[in-house]
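Down below is the structure, laid out as structure tokens.
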Amino acid sequence: MKYRIGTRGSRLALAQTELVKRRLEQSYPEHEFEIQVIQTKGDRIQNVPLDQIGDKGVFVKEIEEKLLLGDIHIGVHSMKDMPSDPAEGLLFTKAWKREDPRDVLVLREAKSLEQLPLGAVIATGSRRREFQMKRLRPDIRITGIRGNIDTRLQKMEEQKLDGILLAAAGLHRLGLRERISQYFEPEEMIPAPAQGTLALEIRKEDTTLRQMLDSLSDAETEQEAGAERSFLKMVGGDCHLPVGACCEKTENGGFRMRVLYGNETGERLAAVCVEGEDPARLAQDAVAAVGGKLAGQVYLVGAGPGDPGLITVRGLEAIRQADCILYDRLISPLLLEEAKPECEKIYVGKENHHHRLEQEEINRLLVEKAYEYPRVVRLKGGDVYVFGRGGEEGMALAEKGICFQVIPG
């Protein structure tokens with residue numbers, strides 16, 4: 001049978017897909033494999049930062065559409081560029097052995113970070129790399145950059161940049177190891193979740209192909225990349241936020257995972273390290289550790305029977321101090337007027353047969369705002385627990401290690 005393998009057209013994407021094609025040809029000589037290049041939205045728009053043109057799907061959607069139509073059988077991606085879940089009807093096969101997951105520094109003249117002069121200019125398109133570089137060298141000036149590896153290397157020379165931050169895996173796969181000036185260990189710069197790992201995507205119905213690809217997988221990579229991706233999914237990370245995760249097997253046979261999470265500006269940024277025997281459990285432990293270190297305080301407040309004069313003194317105090325309020329349909333506008341002018345107010349009310357937001361989405365939004373603000377109020381009509389979903393919201397916060405208080409109505 002002839003299998004068509006879809007990929008983006010960059011030199012790195014093609015190099016990665018050639019690796020996949022060669023391995024499949026060696027393992028299954030009875031079949032034919034050919035490469036089909038597919039242009040994505042991320043390839044077409046090169047002059048706009050990624051966080052302004054969409055999420056991770058900008059490099060994925062067109063390839064997934066071809067898979068669903070049956071025009072190709074396998075989509076090859078960099079796993080770090082993939083959304084948490086594939087499109088409906090598709091799946092990721094088990095991970096093959098990953099390349100070096102570390103970030104690296106490519107310098108134009110200097111030999112290392114320490115040799116760079118004060119105020120040196122380093123380019124990156126990643127907030128995660130930007131904020132971590134500023135921690136290593138606060139004097140460094142960061143400038144944005146887009147394009148494939150060759151384009152970035154060319155821009156470094158043309159614009160006389162002092163250096164650029166890249167992934168080791170891409171340079172290795174392109175045979176450009178000699179361009180690397182310095183590797184950053186995970187304790188210095190935490191890589192993107194699943195960096196260095198290829199994502200092989202197929203239709204769910206293609207069970208024979210799935211067995212073929214899974215038989216070539218690497219158990220350790222599957223565990224490590226799986227834990228990193230689980231962390232990404234649980235924190236709800238996207239290209240707007242600095243998110244890093246690196247899971248490694250330790251000498252005693254357990255696992256260690258370092259993670260990074262913060263807001264868009266980098267003002268709130270937390271890096272933690274957790275260890276354990278089960279890599280799947282590590283993601284939950286890491287989320288809880290980040291929540292305990294980074295998240296603000298959440299107040300689940302009952303507004304009382306309706307009259308704004310009947311809210312508790314403690315509840316009114318919470319409203320007046322809130323940086324963000326998520327409120328229900330029955331909340332009196334007079335209570336919202338008590339909030340600070342700069343307080344963000346988000347309506348999440350429900351009515352019979354018409355929910356503005358599903359409860360799961362409210363839970364997710366509550367967690368997201370807890371990471372963003374020091375004080376968040378979830379303002380509910382009546383009481384937090386009586387005829388309310390305060391229990392579910394409290395559990396969602398507790399799972400993320402986020403502190404909350406209940407103020408009854």
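Note that this is a predicted model, so its numbers are computed, not measured.
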What distance separates [X] [atom1] from [Y] [atom2], expressed to the nearest 0.5 Å?
X      : Y      : atom1 : atom2 : value
Ile311 : Leu335 : CD1   : CG    : 5.0 Å
Tyr3   : Leu213 : OH    : CG    : 8.5 Å
Glu338 : Ile325 : CD    : CD1   : 10.0 Å
Ile164 : Arg108 : CD1   : CZ    : 11.5 Å
Ile5   : Leu24  : CD1   : CG    : 5.5 Å
Leu241 : Tyr371 : CG    : OH    : 11.0 Å

*Minimum heavy-atom distance between Met133 and Met189, given as atom pair plus value*: N-CE, 3.9 Å
Between [X] and [Y] (salt bridge meaning N to carboxylate O under 4.0 Å), is one present in this structure?
X      : Y      : result
Asp328 : Arg378 : yes
Glu220 : Lys97  : no
Glu361 : Arg364 : yes
Arg320 : Glu317 : no
Arg268 : Glu372 : no
Lys340 : Asp323 : yes
Glu222 : Lys94  : no
Arg98  : Glu228 : yes
Asp85  : Lys233 : yes
Glu114 : Arg137 : no

Is [Y] close to [X] at the side-chain level, that is, under 4.5 Å between some pair of heavy atoms?
X      : Y      : value
Ile145 : Thr151 : no
Glu18  : Ile35  : yes
Met156 : Arg152 : no
Val348 : Leu365 : yes

Where the side chain of [X] meets the backbone of [Y], is there a donor-acceptor pair that is under 3.5 Å apart?
X      : Y      : result
Lys293 : Val272 : no
Ser332 : Leu334 : yes
Arg127 : Glu264 : yes
Glu248 : Met257 : no
Ser126 : Arg129 : yes
Arg258 : Pro191 : no
Arg203 : His73  : no
Asp162 : Ala120 : no
Asp218 : Thr221 : yes
Lys134 : Pro138 : yes

*Audit row: Glu185, Arg102, salt bridge (Lys or Arg N to Asp or Glu O under 4.0 Å) steps and yes/no*: CA-CA 6 Å; Glu185 297 304 321; Arg102 293 177 292 178; 2.7 Å; yes
Distance-only polar pair, side chains of [X] and [Y], donor-acceptor under 3.5 Å:
X      : Y      : value
Gln297 : Arg375 : no
Arg281 : Gln284 : yes
Asp214 : Ser217 : no
Asp103 : Gln195 : yes

Give a yes or no on whether [X] atom [atom1] has more than 12 heavy-atom contacts from other residues, nucleotides or ligands under 6.0 Å away.
X      : atom1 : result
Lys66  : NZ    : no
Glu342 : CD    : yes
Glu34  : CD    : yes

*State which residue, out of Leu200, Leu19, Thr197, fulfils the side-chain contact (heavy atoms from CB on, under 4.5 Å) condition with Trp96.*
Leu200
_For the aromatic rings, using the six-membered ring if either is Trp, is the centroid distance between Tyr347 and Tyr327 under 6.0 Å?_
yes
_Step-by-step side-chain hydrogen bond (donor to acceptor under 3.5 Å, both in side chains) determination, Glu393 to Gln359_ = CA-CA 8 Å; Glu393 293 166 356; Gln359 186 61 48; 3.0 Å; yes
*Measure the acute angle between the ring planes of Tyr261 and Phe231, then classify it against the limits of 30° and 60° as parallel, tilted or perpendicular.*
perpendicular
